[in-house]
Amino acid sequence: MSAVKAKQGIYPKEGLGSSDGQISTPAKNIFIVDDSDSNRMVAKLALEGTYRTYALPSAAKMFKLAEKIMPDLILLDVDMPEMDGFQALTLLKASKRLNQVPVVFLTGKNDTETELNGFEMGALDFINKPFSPPVLIRRIELHLETDKLIKNSIRALHNTHRATISTIANMVEGRDTVTGKHIERTQRYLEILVEELIRTGVYIDEIATWDSGLLLPSAQLHDVGKIHVSDLILNKPDKLNSEEFVLIKNHCGDGEKIIDSIIEQAGDYDGFLCHAKKFAGYHHEKWNGTGYPYGLKGEEIPLEGRIMAVADVYDALVSARPYKKPFSHEQAVDIIVKDSGTHFDPLIVEAFKNIADDFWVESVRLNEGV
């Protein structure tokens, strides 16, 4: 084995050395998705000496292969039958597993509007066909290196976010001795529910714009406004009276204000705090307009609030409180289904029904040892 070949990544297995003792770098997986045989062949011949290449004639076959092999970059033709590049990109961005994979469009058109649309949807670049193999190689090298730097930076920011948010959320929950592990459970319920909405295509256009790596941690702040609520009310062993209930209801607006003040001081370039604000401010709104704090109705309520409402209420129903025994899982599901169209968004309730048992499994798992 030559040292040159090892460095080029032809031998992709980690730890496989060259004749001069150097360690090869694992080859990147490049998906070439194009319905033209000739275009696939040109791209494959240009790249296969440096990367692991997979030439695929359709987006459907791309998604099938992606179930087994994780792509590091996708070259995606814009104009394809059955599913075009834009439709495929929408599904990629909606996928929890694939939404961070860089996508470069291949196109035979020189159309500014098409390119702008692609960039807005999250495409990394456009390469015009017919393409020059040396230019194709260089563009991919630059994009993969840029993607690596961006992911390293994002990873560092995410770690900081998670540490900060977990600390704040734990401080708030630590004051409330009644609802133990509520934040952890609702975050897990939310993850399950969002995955089902994606699977069934419900609200997919909006969810496709979300970054799940930011969305789920931000949900930990949905009750941050309780930091302004008296301990006597939070930990009252009896049911709240009307005056106390008014005070506890303020936690939604207070939470929104707290997060707003952070946004004003620090900015919010990635949507993390934007998601957190919607979770905090709107998770007690109701579909029929009778919720609080704003009495919003239907789709006036941000989607984050409508999803969290189901997760939050389910957890409250199946959890014990000093003033009530826990409802059974079956009772909780029946209550949520019955309140479809009044308290809850009917489309979200339909998705919930499909995965309700998964909520119960997570509830039991997270409550073990409590």
To the nearest 0.5 Å, how far apart are [atom1] in [X] and [atom2] in [Y]?
{"X": "T50", "Y": "I30", "atom1": "OG1", "atom2": "CD1", "result": "10.0 Å"}
{"X": "K249", "Y": "D254", "atom1": "NZ", "atom2": "CG", "result": "13.0 Å"}
{"X": "E141", "Y": "L47", "atom1": "CD", "atom2": "CG", "result": "9.5 Å"}
{"X": "R185", "Y": "L366", "atom1": "CZ", "atom2": "CG", "result": "7.5 Å"}
{"X": "K353", "Y": "I348", "atom1": "NZ", "atom2": "CD1", "result": "14.0 Å"}
{"X": "D72", "Y": "I140", "atom1": "CG", "atom2": "CD1", "result": "11.5 Å"}

Hey, is [X] close enough to [Y] for a salt bridge, meaning N to O under 4.0 Å?
{"X": "E300", "Y": "K297", "value": "no"}
{"X": "D77", "Y": "K129", "value": "yes"}
{"X": "E195", "Y": "K96", "value": "yes"}
{"X": "D37", "Y": "R40", "value": "yes"}

Counting C-beta onward and ignoring hydrogens, is there a side-chain heavy-atom pair between [X] and [Y] closer than 4.5 Å?
{"X": "L136", "Y": "I127", "value": "yes"}
{"X": "F279", "Y": "L190", "value": "yes"}
{"X": "I204", "Y": "I198", "value": "yes"}
{"X": "L73", "Y": "L75", "value": "yes"}
{"X": "I74", "Y": "V104", "value": "no"}
{"X": "C274", "Y": "E304", "value": "no"}
{"X": "V78", "Y": "F126", "value": "yes"}
{"X": "N99", "Y": "L92", "value": "no"}

Looking only at atom types and distance, does a side-chain atom of [X] sit under 3.5 Å from a main-chain N or O of [Y], one as donor and one as acceptor?
{"X": "T90", "Y": "F86", "answer": "yes"}
{"X": "E350", "Y": "L347", "answer": "no"}
{"X": "R306", "Y": "H283", "answer": "no"}
{"X": "E256", "Y": "K277", "answer": "no"}
{"X": "T209", "Y": "E206", "answer": "yes"}
{"X": "Q220", "Y": "P217", "answer": "yes"}
{"X": "Q87", "Y": "D84", "answer": "yes"}
{"X": "N241", "Y": "E244", "answer": "yes"}
{"X": "E285", "Y": "G305", "answer": "no"}
{"X": "S261", "Y": "I258", "answer": "yes"}

message: Against the six-membered ring of Y51, is K28 placed for a cation-pi contact (under 6.0 Å from the centre, within 45° of the normal)?
response: no
query: Is the Lys NZ or Arg CZ of R52 less than 6.0 Å from the centre of F31's six-membered ring, within 45° of the axis?
result: no
task: Applying side chain to side chain contact (heavy atoms under 4.5 Å, CB included), run through D345 and Y203 and close with a yes or a no.
output: CA-CA 11 Å; D345 181 331; Y203 297 122; 2.6 Å; yes
If you take all heavy atoms of [X] and [Y], which pair is closest and at what distance?
{"X": "T290", "Y": "K286", "value": "OG1-CD, 3.3 Å"}
{"X": "P133", "Y": "V42", "value": "CG-CG1, 4.3 Å"}
{"X": "A123", "Y": "L89", "value": "N-CD2, 3.8 Å"}
{"X": "P302", "Y": "L296", "value": "CD-CD1, 4.4 Å"}
{"X": "I183", "Y": "T186", "value": "O-OG1, 3.1 Å"}
{"X": "P293", "Y": "C252", "value": "CD-CB, 3.7 Å"}

Cluster question for you: counting only ILVMFWY and a side-chain heavy-atom cut-off of under 4.5 Å, with indirect links fine, are [X] and [Y] together?
{"X": "L221", "Y": "L216", "result": "no"}
{"X": "I301", "Y": "V349", "result": "no"}
{"X": "M80", "Y": "Y54", "result": "yes"}
{"X": "V101", "Y": "L215", "result": "no"}
{"X": "F63", "Y": "I207", "result": "no"}

Can a side-chain donor-acceptor contact be found between [Y] and [X] if the only test is distance below 3.5 angstrom?
{"X": "D358", "Y": "Y189", "answer": "no"}
{"X": "H275", "Y": "D211", "answer": "no"}
{"X": "S36", "Y": "D34", "answer": "no"}

- request: Kindly say whether the aromatic ring centers of F352 and F344 come within a distance under 6.0 Å.
  value: no
- prompt: Are W287 and H343 an aromatic pair by the rule of ring centers under 6.0 Å?
  reply: no
message: Apply side chain to side chain contact (heavy atoms under 4.5 Å, CB included) to residues L193 and F359 and explain how you reach the verdict.
response: CA-CA 9 Å; L193 189 50; F359 273 40; 4.3 Å; yes
query: Of the options L317, V310, D315, which is the one that meets V313 in a side chain to side chain contact (heavy atoms under 4.5 Å, CB included)?
result: L317
Derivation of the ring-ring contact (aromatic ring centres under 6.0 Å, His included) call for H222 and H284: CA-CA 10 Å; H222 74 277; H284 283 294; 8.4 Å; no
- request: Give a yes or no on this: more than 12 heavy atoms of other residues, nucleotides or ligands lie within 6.0 Å of atom CE of M70.
  value: yes
message: Test side chain to side chain contact (heavy atoms under 4.5 Å, CB included) on L91 and L98; report intermediate values, then the result.
response: CA-CA 9 Å; L91 293 178; L98 301 172; over 6 Å; no
query: Stepwise, does the side chain to side chain contact (heavy atoms under 4.5 Å, CB included) test hold for K239 with F245?
result: CA-CA 9 Å; K239 196 168 184 177; F245 186 60; over 6 Å; no
task: Please step through salt bridge (charged side-chain N to carboxylate O under 4.0 Å, His left out) for the pair K257 and D260, ending with a clear verdict.
output: CA-CA 5 Å; K257 290 174 186 175; D260 255 337; over 6 Å; no
